[in-house]
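Here is how names work: the chains are called A, B, and so on, in the same order as the sequence lines, proteins then strands, and each is numbered from 1.
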Amino acid sequence: MTDSITLDSTDTHGHSDHDDHAHPTEKQYWIVFVILAVITAVEIAWSYMGLEGPALVVPLIIMMVVKFLMIAGVFMHLSFDSKMPNGRTFYLCFGAAMVLAILVFLVVLAAFEFQI
Amino acid sequence: MAVIEEPLALPSGTTKARRPLGAFSRPRNATGLVDWLTTVDHKKIGIMYGMAAMFFFIIGGVAALLIRLQLAAPNSTILSADTYNRVFTMHGTIMVFLVVMPIGAAFANYLLPLQIGARDVAFPRINAFSFWVFLAGGLMLNSSWFLGGGANGGWFNYAPNNGAAFSPSTGIDFWNLGLFIAGIGSLSGAVNLITTVLNMRAPGMTLMRMPVFVWMTLVTQFLLLFAIPVLTAAQLLLLLDRQFGANFFNVTQGADPLLWQHLFWIFGHPEVYLMILPAFGIVSEVIPTFSRKPIFGYPFMVFSGIAIGFMGWGVWAHHMFVSGIGPLSVTAFSVATMFIAVPTGVKILNWLATMWGGKLILNTAMLFSIGLVTQFTIGGLSGVTHAVAPSDTQQTDTYYIVAHFHYVLFGGALFGFFAGLYFWWPKIFGYKLNEKIGKWNFWGMVLGFNLTFGPMHILGLQGMARRMQTYDVSMGFNLWNLVSTIGSFILGVTTLLLFVNAWKSYSEWKAAGRPNVGADPWDARTIEWSIQSPAPEHNFDVTPTVSDLDDFWHQKYAEDDEGKLRQVATGDELAQPGNGEGVHLPAPSYWPIVLAFSLPIVGYGLIYSLWFCIPGTLLTIISIYGWALEPADDLDIDDHGHGPDQEMEPAV
Amino acid sequence: MRNGLSHMGKKFGSDMKILQSKPQLKLGLWLVGFLGLAAACADESKPLNTFDSDGEGQGPKATEIEGLITPIFAIAGVVFVLVIGGAILLTIKNRVKPEDYDPEDLPTQTHGNFSLEIMWTIAPAILLAVISVFMVQTIWDLETKNAEGELDVMVIGQQWWWEYRYDVDGDGFYQDANGDGVVDEKDAELPLTLALDPDDVVTANELVIPVGQQVDLEITSRDVIHSFWIPALNGKRDAVPGRVHTWSVEADEAGKYTGWCTEYCGLSHARMRMSAIALTPEDFETWIANQAEPAEVPEEDTKEWRGRETFAANCSSCHIVDEGDFNYDDYDPELITKAAPNLTHFATRSAFAGSIYEIYLGDKDGDGQDDTDANDNELDVSDYLILPQEASQEAESSADYRANSAQLKRWIQNAPSQKAMAPDEQRGMPAFPGLSDEQLDELVAYLATLD
Amino acid sequence: MTAIPVEDAVEVADDHGSDHHDDGHHTSLGLSNMKLAMWLFLGSECLLFGALISTYLLSKARFLTEVLAGNPEVLGTLPANLIEEFQAEGSVEPLFDIPFTSASSFILLMSSVTMVFAHQAISKNDQRNTRLWLATTAALGSVFIAGQVYEFTTFYNEGLRFDGNLLGSALYTLTGFHGVHVTVGIIMLLSLLVLAFRGKLNQDRAETLELVGLYWHFVDVVWVLIFTIVYLIP
């Protein structure tokens, strides 16, 4: 929320937000899709390696986060929209909720896991 | 749910709007009841929120008096154990979800657009839907009184006592589905109001020029937006457990009942703050106005509110200190809880600093505000004493806690709301409330309130546990319980003085030929006082341009050559005339109320027979499409200022 | 006047100062004053008091909690006086009478004072940080456990009474759930059953503990969440089904300490009470040795014998009386949900029906004196507990004579009328309207032999 | 107070801020109301799915503990072969058919790409491609749902019941709730498609399509999480 205070600009006439500024091209979308597909393939392969514990989980989580960021950033235009004036408001709304959800529920799971 | 369907609300673009089917047309020239049922005006919706909340307030209040009557003497048999359990559960549920939250929503709805200089909220139809769906959920919850008795699991409804095995009657189903439906309203309301505040401010109204009330409401709505889904998830699990035999809270299958507690309190603690923050916002408007000084330390007021909003997410487990979460968790949450007292304390001190050196006008609104500052302080201090976890192991689930949260929610939130009612009443209805009755109202409530809840501190420390249908003579609780019961009746009667006051002030005003109270009866500070009272339907004739915090006040007062502040104009001189020529307003719509009341039909179906869900679901789907395809306006009405070639877009 | 009361009274009283500015409400103030005085004079005993700084009759854990909270109450009291006093003073000092109102006469327009505000942000934070240090210390102190091999008790909550299992043999296990005759870790993994470790003892309603010794509790529940709380001995801890929570109690003095369930647990939550009875170590040894004995079978064709027959026909599908040959394997596992107090040593207890009724009335120990004075702090253990050697000194009929037999009969005949229960949903004791007066007499006589 | 000319000030309240060609509409942040609202809604959905995913993780852990300890109440809800496999593996992995689910995950991922193409097409006012890509997206989503239905029947045939044990309740609820979201998305896509065929989905409504797209991508993102957390890390 603090972010948006510095970003605040009611005096500037806002523009409609997505007609002029750059969105990815068709080619870029395909590239992202191929990367996503490759990561998914690696994930599946990794899960068949017979690893256990952190060796299994940590790389999978990392790949999951990368996929998440690519979809949110490119397909949902977050990384493009956020370059607009005040575009960071999107981060505020969505990012705050993401962070909140992750933190809160990690604490809950930790409380159950360790019972301390 | 309907929010999901928003994108279907298609703007008609350059194509000329037409009426797809007769039924989809907007209500025309609605008057009377139909006007209220189909309105999308944020002010009317705000008033309806307030009235609905007052209606539920009376039900919840009667439940409270029944509780106190039962506890007035030991071994009393006025209420049976079963009835008592239902009454205290419904009292808590109604007061939290159907009284304090919607009063906050009422003020937010009425005031937000006025205080930021907007014509309406961002999505007027969703706004109407939020209200109706809240009302539908609330009525469904209360219908359980007649359909087998209210819920009996406590407002927190801990698993596994909320399961079908331990509570086979339908009360908890009504609790679950009623709040589920009301929660949809809170969620869509939150999306709507946040968008409104962020996006619809008048030119020059930067975030740091917004009134504190707007800020507190913004924080509140963010809390709602993120907290309600967690409760919804918990309620979904409970619904599946009770109606479809799932095992989420079935201990024989190895389930952990603490899951419910975590989910409930992750919602429940932000809930506490979202009940109190709007009241903080209200007194932050009232105290400066009647101290004739700006709020002391505006940035601190704003940031402490934001800090409370953030920290409110990290303290939920302080409701669970004795539930066996382990010493490390207890330590962490205990320390976090202690520190949430800091921003709250900052607020209290800043209000006092605003009064410092001020010239106080002690009318009823101001008295209630000072009432909040003092009574809430008591609740805050008792809160710190049981933030100390070892101490909480003695105090939790005793009347000490009951005293604490009533000081916070009644002495805090409700006193704040009463201050707001007395303050904004002339803006809303065009006449002032009677000051004499108002003062009786205030002093009676202070007396009754402290007599009711003050002794509960003592009872709690003497070991009287909560949610007890009865107690024994040998426990030594007799005296203070009697005092508390006497106090509760004083409180009940004096609270009703508000209604007496409203009725009497109105009759006198009417008898006097409805004299104009003026745009600015209090010499107030924010821009909602720059329009006529009652606020005209179109709010502002021209959108104001804001250049300062408390912009309206700065237009009235300016420094003269010697640097002394002088009144350069009165509020009424500056006020807009209320001429709505050329202002286009969104047309009313049937669909919000139809959609809202289709949901309880599905709810009753889930409780009684799944077949019943089919018509409910059909109606829901029809309403969503009806909503989406509805033309922007009643096509037969001439819309001022907008030619037919200009686009007409459905207000979402 | 107890300190807790006086402290809160003070808080309450000064809060009322706000009213003094309004003469018409002086009456209300007088009323409050009068009631406060009445409260001070009323010499009611407060058996559940949590804030009792004379420390009498409290265990060390409760005393430690109180030692932590007392200065915090004092600090809160100071802040309270400053803030409320400040608010009232400001209100009185700065008020402008309506007739003196002048729109031109504005007060100085202060917008804030950064350093002042920073100060009153940081100062409370430091104060709270200091409090936190002591608080964290206490949190972990309260968690300290005995070394292995000391007395452990499993506390099991059930709607609406408490069961206690004493780990007499110190193996850490409480049940032989799989019925293989060996009590081991496998049994601990399994859900709670009625089956007891044959070397342990089981009792209900009151927890008997030795004086001056920390007793570690393992708290759990058979149905919904309850909370175990004996205010004079320690704070509370929830009994959650499927989880075992550790907690401990310790009493400095012999006596009876009462408490009640503090987590809302359904219909008869208000009537789920409990107590702890602290005995001297010698008395405790005697008591536990007696508890380990099986019940005696009454002589044939006596009144008690016939009572035992009635018991077998009506009560034994839920209640256990272990006469030494009890086989848990024979027990219908379905009945676990209906588990009811084990009555093997019923007559050594002081209360029944979830500790809401006393078993013995008036002259409890048969010494010819009435023992019902609840304010008697000079607790004589025999006031509350019939120990075997005393019982043997009594005339045969005296136990029956002293027993609260009228209430006991009412209870057996129609328990749901005495305490709200839901026997149809297998929660609580059903009514037995078919029992004749004679049968009830015999049943009570039989129960009186279970010592 | 500077009075603004009425023409400018009449900023009708029902402005939902879709992209207009005239400069009349402006919002304080310069972002459209609808888009902001959509992001807010998706933010609150994060908390909802967070709660459900946590519930699944917890329930599965508790279920495994009970199975490994041999709690008869839990074992009674499962066929013997499944119990043996769970106990042998120490995880619930034997339940899943990873290649199958991978394929359906891939299809959902694919539908996100077709969705962005639909948005690109409408931005260029390319009606034909808009319809094509919308239809493809809806079809891919439907294939995913069909896959989920097939998967549910497989689970059911393997002996996992919704009302049997914790794993059944949690797994069906989490994936089913996601499936409901996908279904709602498909309905929205089909509604757009109907509009497109009636010639009412033109460039002015690009934002509507973009909002449906945001929702659709969000549902996809949630599946990315579920696929890893539920299927790959059993």
Does the C/R427 side chain pair with the main chain of B/F166, one donor and one acceptor, at a distance under 3.5 Å?
-> yes
Please look at C/A129 and chain B and tell me whether the side chain, the backbone, both or neither of the residue comes under 4.5 angstrom of a heavy atom of that chain.
-> both
Tell me, yes or no, whether the heavy-atom count around B/F339 atom CZ, taken from other residues, nucleotides or ligands under 6.0 Å, exceeds 12.
-> yes
Side chain, backbone, both or neither: which part of B/V251 has an atom under 4.5 Å from a heavy atom of chain C?
-> side chain
With a 4.5 Å cut-off on heavy-atom pairs, point out which of C/I225, C/V136, C/T246 contacts chain B the most.
-> C/I225
Portion of B/W260 that has a non-hydrogen atom of chain C nearer than 4.5 angstrom = neither
For C/I122, is it the side chain, the backbone, both, or neither that has a heavy atom closer than 4.5 Å to a heavy atom of chain B?
-> neither
Can you tell if the side chain of C/K46 reaches within under 4.5 Å of the side chain of B/M475, non-hydrogen atoms only?
-> no
Can you tell me how far the CD1 atom of B/I370 sits from the OG1 atom of C/T91, to the nearest 0.5 Å?
-> 3.5 Å
Hey, can you tell me if B/F88 and C/Y264 have their rings parallel, tilted or perpendicular (30° and 60° cut-offs)?
-> perpendicular
Interface check, chain B: of C/A420, C/P124, C/S132, most non-hydrogen pairs under 4.5 Å belong to C/S132
Quick one: closest heavy-atom pair of B/V342 and C/T121, and the distance?
-> CG1-O, 3.3 Å
Could you pull out all residues at least two apart from C/S355 that satisfy side-chain hydrogen bond (donor to acceptor under 3.5 Å, both in side chains)?
-> none
Minimum side-chain heavy-atom gap C/Y101-B/D523 below 4.5 Å | yes
Check whether any side-chain heavy atom of B/Y557 lies under 4.5 Å from a side-chain heavy atom of C/P103, and answer yes or no.
-> yes
For B/W356 and C/N94, what are the C-alpha separation, side-chain angles and deciding distance, and is it a side chain to side chain donor-acceptor pair (under 3.5 Å)?
-> CA-CA 8 Å; B/W356 183 283; C/N94 290 344; over 6 Å; no
With chain C, the option among B/A389, B/A81, B/G357 that has the most non-hydrogen atom pairs under 4.5 Å is B/G357
Going through the checks in order, is the side chain to side chain contact (heavy atoms under 4.5 Å, CB included) test met by C/E263 and B/Y158?
-> CA-CA 10 Å; C/E263 188 60 80; B/Y158 276 179; 3.6 Å; yes
Checking B/S391 against chain C: side chain, backbone, both or neither under 4.5 Å from a heavy atom?
-> both
Interchain contact, C/D141 with chain B, by part (heavy-atom threshold 4.5 Å) | neither
Look at B/G154, B/P168, B/G345, B/A353 and state which one has the largest set of heavy-atom pairs under 4.5 Å with chain C.
-> B/P168
Max heavy-atom pair count under 4.5 Å with chain C, selected residue of B/L349, B/L549, B/T470 | B/L349
B/P294 versus chain C, the contacting section by heavy-atom distance below 4.5 Å = both
Honestly, the part of B/L482 sitting under 4.5 Å from a heavy atom of chain C is neither
Provide the closest heavy-atom pair for B/T331 versus C/W140 in the form atom of the first, atom of the second, distance.
-> OG1-NE1, 3.2 Å
Tell me, for B/Q261 versus chain C, whether the close heavy atoms (under 4.5 Å) come from the side chain, the backbone, both or neither.
-> side chain
Would you give the length of the straight line joining atom OG1 of B/T398 to atom CH2 of C/W229, rounded to the nearest 0.5 angstrom?
-> 6.0 Å
Determine yes or no for a side-chain-to-main-chain donor-acceptor pair under 3.5 angstrom, with C/E117 supplying the side chain and B/F300 the backbone.
-> no
Contacting region of B/F156 [heavy-atom separation from chain C under 4.5 Å] = side chain
Please look at C/D100 and chain B and tell me whether the side chain, the backbone, both or neither of the residue comes under 4.5 angstrom of a heavy atom of that chain.
-> neither
Taking the side chain as every heavy atom from C-beta outward, state whether C/V79 and B/L381 have any atom pair closer than 4.5 Å.
-> yes
Check: B/Q462 and C/T50 side chains under 4.5 Å, non-hydrogen atoms = no
Side chains of C/V96 and B/L360: does their closest heavy-atom pair fall under 4.5 Å?
-> no
Check each atom of C/I118 against the heavy atoms of chain B and say whether the ones under 4.5 Å are side chain, backbone, both or neither.
-> both
With C/K419, which residues qualify under side chain to side chain contact (heavy atoms under 4.5 Å, CB included), at least two apart?
-> C/W160, C/S268, C/R271, C/I356, C/W411, C/M421
Identify which one of B/T393, B/L328, B/V330, B/V335 satisfies the side chain to side chain contact (heavy atoms under 4.5 Å, CB included) criterion when paired with C/I139.
-> B/V330
Just do the salt bridge (charged side-chain N to carboxylate O under 4.0 Å, His left out) check on B/D472 and C/R273 with the steps written out, would you?
-> CA-CA 11 Å; B/D472 257 3; C/R273 297 179 191 153; 3.1 Å; yes
Distance in Å, B/L362 CG paired with C/I92 CD1, rounded so as to fall on 0.5 Å steps = 9.5 Å
Looking at B/M320, B/M355, B/H386, B/K556, which makes the most heavy-atom pairs under 4.5 Å with chain C?
-> B/M355
Test item: C/I75 and B/V384 side chains (from C-beta on) under 4.5 Å apart, heavy atoms = no
Looking at OG1 of C/T262 and CZ of B/R466, how far apart are the two atoms once the value is rounded to the nearest 0.5 Å?
-> 11.0 Å
How long is the span from the CG atom in B/L461 to the CG atom in C/L48, to the nearest 0.5 Å?
-> 12.5 Å
Who among B/L258, B/N162, B/T570 has the most heavy-atom pairs with chain C under 4.5 Å?
-> B/L258
For residues C/H269 and B/Y84, determine if any side-chain heavy atom of one lies less than 4.5 Å from a side-chain heavy atom of the other.
-> no
Spell out, as yes or no, whether a donor-acceptor pair under 3.5 Å connects the side chain of B/R292 to the backbone of C/P107.
-> no
Salt bridge present between B/D397 and C/K236 (N-O < 4.0 angstrom) = no
Under 4.5 Å from any heavy atom of chain B - which part of C/Q159 | side chain
Short N-O contact, B/K359 and C/D102, less than 4.0 angstrom = no
Side chain, backbone, both or neither: which part of C/I65 has an atom under 4.5 Å from a heavy atom of chain B?
-> side chain
Residue pair B/P327 / C/E143: nearest heavy atoms and the distance that separates them | CB-CG, 3.7 Å
Taking every heavy-atom pair that is under 4.5 Å apart, which of B/Q395, B/M338, B/K564, B/M366 has the most such pairs with chain C?
-> B/M338
List the atom of B/P390, the atom of C/M135, and the distance in Å for their closest heavy-atom pair.
-> CD-CG, 3.8 Å
Please report the closest heavy-atom contact between B/T374 and C/A87, naming both atoms and the distance.
-> CG2-CB, 3.7 Å
Please round to the nearest 0.5 Å and tell me the distance separating atom CG of C/L68 and atom CD of B/Q394.
-> 11.5 Å
Side chain, backbone, both or neither: which part of C/I69 has a heavy atom under 4.5 Å from chain B?
-> side chain
Are the side chain of C/W120 and the backbone of B/N350 linked by a donor-acceptor contact shorter than 3.5 Å?
-> no
